[in-house]
Colleague: 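Quick one: the structure is below, questions incoming.
Below, all heavy atoms of this structure are taken into account, side chains as well, without hydrogens, waters or symmetry copies. Labels below follow one simple rule: chain letters A, B, ... track the order of the sequence lines, proteins then strands, and each chain is numbered from 1. Just so it is clear, the model here is predicted, and its values are computed rather than measured.
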Amino acid sequence: MKKEKIQAPKGVSEYVPPASREFEWVRDGLITPARLAGYSLMELPVFEDTQLFTRGVGESTDVVSKEMYTFEDRGGRSITLRPEGTAGVMRAVIEHNLDRGQLPIKVWYSGAFFRAERPQAGRFRQFYQVGIEAIGIDDPAIDAEVIAIADQGFKSLGLKRYRLEITSLGDSASRAAHRIELDNFIATLDLDEATSARAKINPLRLFDDKREEMKKMMAKAPLLMDFLSQESRAQFAEVQEHLNRLGIAYVLNPHMVRGLDYYTGTTFEFIHEDLGAQSGIGGGGRYDGLMEQLGGQSLSGIGFGLGVDRALLAAQAEGVVPKDSFTSDLFVIPLGEKAKSEALLLAAQLRNRGHVVEIAFGERALKGAMKAADKSGSKYVVVLGDTELASGSVELKEMSSGVSKSVTISALHEALSTH
RNA sequence: GUGGACGUAGCUCAGCUGGUAGAGCACCCGGUUGUGGUCCGGGAUGUCGCGGGUUCGAGCCCCGUCGUUCACCCCA
């Protein structure tokens, strides 16, 4: 009887060779700018106490109300697979008392996140993000740096067809004043049931409606931008000045709506043009009350999350993914058991000196092994047979030209290095 | 969660108005003794996503299910 094939759960993104090289390239490229800016790794659990997200992200958000993977563990605790990264970082900062040390706390993370959504292109139930958080200093210059780091991540991949949108959500007083006006305005509109339900949860959502008639209706709605306090306004202006100076292109989007409740002040999104409906490749912003909300000190923070899966799709759409990003330096083909043992030793020695060395395993014919060497992208091949073992010198074959020359085994390292 | 489309060898796909499956690429072997990328010859592979139904007979029709995909909601 044939066993049923077990499949991956619905909607997960997974990467296997050779395509996984592309994923690796994107993920590393996105996070490198943060490391260059002195951010340190924070490796956190993928599951947390459910309350962390209900309290931190906000119960009214879609993410919390209908997209969380929540279950009970054996001890009866309510556990949730993390739907985003910031709340977990806050929890860890508080738990490890990092907020009592040097500020700002600057950390980066990379890993899997989970949302129980209906999957589609660019949207998965398990997906990958890299992100950073800068906590404890409220300075427009940090806002600009955080945005610049994200932008640099995308730029380093060679992406061009994306735009950065920014806005300011102001302080809580600004938002409260605006909310009253906006609610009043919305009350004058004739909305269908679903839409007015959305408006009750978060009236800002209506700004994001894709229907033309809604856009028309909302055109005259009061903008949060116009309700910003003097201070918020000044800070946001400063952020923009910094971005201008850095030569980072952006567009102001006073209609921007983010899905997480904790954002305040400077808020931004990166949108790619070739991705269809799921066009956001990254986003973030300032979150002034979050830390306190989670039981920590009253420290402000700012951060971003970048979608690795989507950035990869964007890179593929733009055709900027490098080919053959991985090649070996040397492919050793042993002939016979004695040679195999010798090949293991030789490979180990060369690897110790930093060379990427592969070995042909199994009992395939030399011809087959050569084919394998060819496909590995190895620059050189060495055949290790009785002749070589006896003489102590090998034929070092350059694959691109087909030319080979004789070198002693001990001189292999040097020969590889000089090429 | 709502609506539409799709699901055939590892990959990309073909399969006429229903008569029990094919191509290209990839893969494996060989083209004389230990040398790849080209060329030539040969070869394996699918219970046509899964389950049920209609039919003398289904990859082609119907239903369900799983998965994928596109849009909505929302978001990375």
Colleague: Where the side chain of A:Lys10 is concerned, which of B:rC74, B:rG67, B:rU35 is the nearest nucleotide?
Modeller: B:rG67
Colleague: Please name the nucleotide paired to B:rG36 by Watson-Crick or G-U wobble geometry with both distances under 3.5 Å, or report none.
Modeller: none
Colleague: Could you state the CZ-C1' distance from A:Phe124 to B:rC70, rounded to the nearest angstrom?
Modeller: 14 Å
Colleague: Look at the side chain of A:Asp374 against the base of B:rG36 and say whether a donor-acceptor pair falls under 3.5 Å; ignore hydrogens and angles.
Modeller: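 Per atom types, the contact qualifies.
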Colleague: Rounding to an integer number of angstrom, what distance separates B:rA58 and B:rU8 when you compare their C1' atoms?
Modeller: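 Looking at atom C1' only, B:rA58 and B:rU8 are 14 Å apart.
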Colleague: How about A:Phe23 and A:Tyr128: are their ring centres within less than 6.0 Å of each other?
Modeller: yes
Colleague: To the nearest angstrom, how far is A:Phe207 atom CZ from B:rC74 atom C1'?
Modeller: 18 Å
Colleague: Work out how far the P atom of B:rC48 is from that of B:rC40, and round it to whole angstrom.
Modeller: 33 Å
Colleague: Classify the side-chain pair A:Gln235/A:Thr266 by whether it contains a donor and acceptor separated by less than 3.5 Å.
Modeller: no
Colleague: Is A:Lys371 touching bases, backbone alone, or none of the nucleic acid, heavy atoms closer than 4.0 Å?
Modeller: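 Touches sugar-phosphate only.
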Colleague: Determine the interatomic distance between P on B:rA23 and the same-named atom on B:rA44; round to the nearest Å.
Modeller: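 Here B:rA23 and B:rA44 have their P atoms 12 Å from each other.
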Colleague: Atom CE of A:Met370 and atom P of B:rG37: how far apart are they, to the nearest Å?
Modeller: 9 Å
Colleague: Checking all strands, does A:Leu366 fall into the base, sugar-phosphate, or nothing category for heavy-atom contacts under 4.0 angstrom?
Modeller: base
Colleague: Does any N or O donor sit under 3.5 Å from an N or O acceptor when you compare the side chain of A:Gln278 with the base of B:rA71?
Modeller: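 Answer is no: no donor-acceptor pair is held.
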Colleague: Could you check whether A:Glu84 gets within reach of a base, just the sugar-phosphate, or nothing at all, counting any heavy atom under 4.0 Å?
Modeller: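 Here A:Glu84 touches no strand at all.
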Colleague: Say whether A:Tyr162 and A:Asp274, considering side chains only, have a donor N or O and an acceptor N or O under 3.5 Å apart.
Modeller: no
Colleague: Counting distance alone, no hydrogens or angles: does the base of B:rG36 have a donor or acceptor under 3.5 Å from a partner atom on the side chain of A:Lys397?
Modeller: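 Such a pair is found, so the answer is yes.
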Colleague: Starting the side chain at C-beta, find the nucleotide from B:rA26, B:rA71, B:rG34 nearest to A:Val383.
Modeller: B:rG34
Colleague: Please report the distance separating the C1' of B:rG15 from the corresponding atom of B:rG1, rounded so that it comes out in whole Å.
Modeller: 38 Å
Colleague: Rounding to an integer number of angstrom, what distance separates B:rC29 and B:rG18 when you compare their P atoms?
Modeller: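 Pairwise P distance, B:rC29 against B:rG18, rounds to 44 Å.
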Colleague: Looking only at atom C1', what distance separates B:rU55 and B:rU20, rounded to whole Å?
Modeller: 14 Å
Colleague: If you go through the side-chain atoms of A:Glu388, does one of them form a donor-acceptor pair with the base of B:rG34 closer than 3.5 Å?
Modeller: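 By the distance-only test, yes, there is a pair.
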Colleague: Using only modelled atom types and a 3.5 angstrom limit, is any donor from either the side chain of A:Gln120 or the base of B:rU68 paired with an acceptor on the other?
Modeller: no
